[in-house]
Amino acid sequence: MTATLGTTSTTKTPDLGPAVELVSKEEGHRQPLAPEFVSAEDFSPLEVAYDFGRVRREDIEAGPKNIWRYKKLLPVPSNVEEIPNTEPGATRLVRADRLAKELGLKRVWVKDDTGNPTHSFKDRVVAVALAAAREFGFEVLACPSTGNLANATAAAAARAGWRSVVLIPKTLERAKILTTAVYDGDLIAVDGNYDDVNRLATELAGEHPKWAFVNVNVRPYYSEGSKTLAFEVAEQLGWRIPPQIVVPIASGSQLTKVDKGFRELGQLGLVEASPYKVFGAQATGCSPVSAAFRAGQDVVQPVKPDTIARSLAIGNPADGPYVLDIVNRTGGAIEDVTDEEVVEGIRLLARTEGIFTETAGGVTVATAKKLVETGKLDPDAETVLLITGDGLKTLDAVENHIGPKATVPPSAAAVNEALGY
């Protein structure tokens, strides 16, 4: 299959493959590729525009078993796979029949991104950001993070031989602190929440011209990495788009790029451009986008996070308004769930499908359950749930809820008695 999708071409200095320019999300102002994330014309976020040229399924299928099989659809150099990187992607799509039965859905697929190098989807976005940062001449890979991004940035920098500077809230889960510090980069804990850390990162990005903050000054390229989730889901389903997909919301970037990925596949003719609905999942303790959706508003009011789902605890989500646009356009919905429901979501996925997810995945599963109960998810429509991180990162969320069924002396009789035999 051959397909083309044209955009306005421009001469560019960096080798970023099919990427040709940046475009503002509000008014469509165009500018050359650069390490910039806000339009000087309308002050809206910038995103990457492409001239994809010829893209064929067979070329993708012949590519490496990682996200670089989609390099013709990403802002990365044509030789990206030859440069040392963590090679994320190609994670499994699990048919989850037992979970489907528990949720009251006919067919459920779980996109299990716990299999990435640092056990979350953030390896995808960081790999793309690093490839772009190298083209722009940066020398340090940096980020503000709620945890998973810290892991991914430190690991990617170590693999590439770069220095890393990672900023985290000091209240971050201990496991995520340790799994970042082990890469021996510069890990800085900040006395504040993620929004405080993000503001600090923006200030530092202005002071250090050789520091590539993956989700700040190279954010347009970084965020494109989330499209690979959509690409993989569609390819793993036999080159088709699922009718329903549930996506956790932190900044909102992942949801917007999954939608963009599906749209690009349809426009290129790589899949049938069939209708699909996008659903968003938040924790009640940090649910500004869910609250705006419920109120029928197009403005997201910032909140102070208070939830065990720390990887989603962004009180002022940059892409919140665009999430609302996509959910409304596709006929989806956004819901939020309590911390208790999050824990039950984690346990439900584990006991039905043998997948241990972190709190963000608990939010996704619990939200899917709530969406079914409220009649917003079609029980007969095939549904994909994005599970974006490993439960070993957030053991504290479940440690008071699970444990041995019994403690017994070393005898068969004692075991049998404990088991009720």
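Residue numbers start at 1 and run along the sequence shown. Values below: all heavy atoms of this structure, side chains included; hydrogens, waters and symmetry mates excluded.
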Between [X] and [Y], is any pair of side-chain heavy atoms under 4.5 Å apart?
X	Y	result
L377	Q244	yes
P248	Q254	yes
L312	Q282	no
T180	L178	no
Y70	E235	yes
V76	L16	no
L46	F37	no
N116	H119	no

For this session: Using the side chain to side chain donor-acceptor pair (under 3.5 Å) rule, take T86 and R159 through it: C-alpha gap first, then chi angles, then the decisive distance, then the call.
Result: CA-CA 7 Å; T86 58; R159 173 68 176 137; over 6 Å; no
For this session: Could you give me the CA-CA distance, side-chain angles and deciding distance for S120 and N151, then say whether side chain to side chain donor-acceptor pair (under 3.5 Å) is met?
Result: CA-CA 9 Å; S120 88; N151 296 170; over 6 Å; no
Exercise. Does the side chain to side chain donor-acceptor pair (under 3.5 Å) test come out yes or no for E358 and S311, once each step is laid out?
Worked result: CA-CA 9 Å; E358 66 162 7; S311 61; 3.2 Å; yes
Has the side chain of [X] got a donor or acceptor atom that lies under 3.5 Å from a matching backbone atom of [Y]?
X	Y	answer
E353	L99	yes
T367	T364	no
T256	I326	no
R98	T352	yes
T284	V337	yes
E21	L33	no
K111	T91	yes
N198	Y194	no
K122	N148	no
D123	T118	yes

Exercise. What do the steps show when you test E264 against K257 for salt bridge (Lys or Arg N to Asp or Glu O under 4.0 Å), and what is the final call?
Worked result: CA-CA 10 Å; E264 287 177 351; K257 296 307 179 181; over 6 Å; no
Exercise. Between R134 and D15, does at least one N-O distance fall below 4.0 Å, as a salt bridge requires?
Worked result: no
For this session: Inspect the contact between R95 and D97 and indicate whether a charged nitrogen and a carboxylate oxygen are less than 4.0 angstrom apart.
Result: yes
Where is the tightest heavy-atom contact between [X] and [Y], given as atom of each residue plus distance?
X	Y	result
K227	F52	NZ-CZ, 4.4 Å
P77	A131	CD-CB, 4.1 Å
P144	F213	CD-CD2, 4.0 Å
P321	V300	N-CG2, 4.0 Å
A283	T307	CB-OG1, 3.3 Å
V327	F293	CG1-CE1, 3.8 Å

Between [atom1] on residue [X] and [atom2] on residue [Y], distance to nearest 0.5 Å:
X	Y	atom1	atom2	answer
L74	E224	CG	CD	7.5 Å
T330	I245	OG1	CD1	10.5 Å
E173	I308	CD	CD1	9.0 Å
K71	S78	NZ	OG	6.0 Å
L167	R199	CG	CZ	13.0 Å
D339	T359	CG	OG1	9.0 Å

Problem set entry | Identified salt bridge (Lys or Arg N to Asp or Glu O under 4.0 Å) counterpart of K25 within the set D42, D325, D319 | D319
Exercise. Taking E373 as the fixed residue, which of K376, K370, K369 is the one that meets the salt bridge (Lys or Arg N to Asp or Glu O under 4.0 Å) rule?
Worked result: K369
For this session: Would you please test D378 and K106 for salt bridge (Lys or Arg N to Asp or Glu O under 4.0 Å) and show each step?
Result: CA-CA 9 Å; D378 180 354; K106 185 175 182 180; over 6 Å; no
Can you tell me if [X] and [Y] form a side-chain donor-acceptor pair at under 3.5 Å?
X	Y	value
W68	E87	no
T338	E341	yes
D336	S290	yes
E41	Q31	no
T228	R124	yes

Within a reach of under 6.0 Å around [atom1] of [X], are more than 12 heavy atoms found that belong to other residues, nucleotides or ligands?
X	atom1	result
D306	CG	no
D298	CG	no
E272	CD	no
R294	CZ	yes

For this session: Can you run down the ring pair (Phe, Tyr, Trp, His ring centres under 6.0 Å) pairs that involve residues 134-187, sequence neighbours left out, and say none if there aren't any?
Result: F136-Y221
Seminar exercise, completed: Residues pairing under ring pair (Phe, Tyr, Trp, His ring centres under 6.0 Å) where one sits in residues 240-275, two or more places apart or in two chains, turn out to be F262-Y276
Problem set entry | side chain to side chain donor-acceptor pair (under 3.5 Å) between E47 and Y322, worked out | CA-CA 12 Å; E47 65 176 10; Y322 305 109; over 6 Å; no
For this session: Apply side-chain contact (heavy atoms from CB on, under 4.5 Å) to the pair D113 and T357, showing each step before the final yes or no.
Result: CA-CA 9 Å; D113 242 28; T357 180; over 6 Å; no
For this session: Please step through salt bridge (Lys or Arg N to Asp or Glu O under 4.0 Å) for the pair R263 and D259, ending with a clear verdict.
Result: CA-CA 6 Å; R263 286 188 289 115; D259 172 69; 2.9 Å; yes
Exercise. Taking it one step at a time, do R163 and E139 satisfy salt bridge (Lys or Arg N to Asp or Glu O under 4.0 Å)?
Worked result: CA-CA 7 Å; R163 177 187 175 191; E139 298 174 357; over 6 Å; no
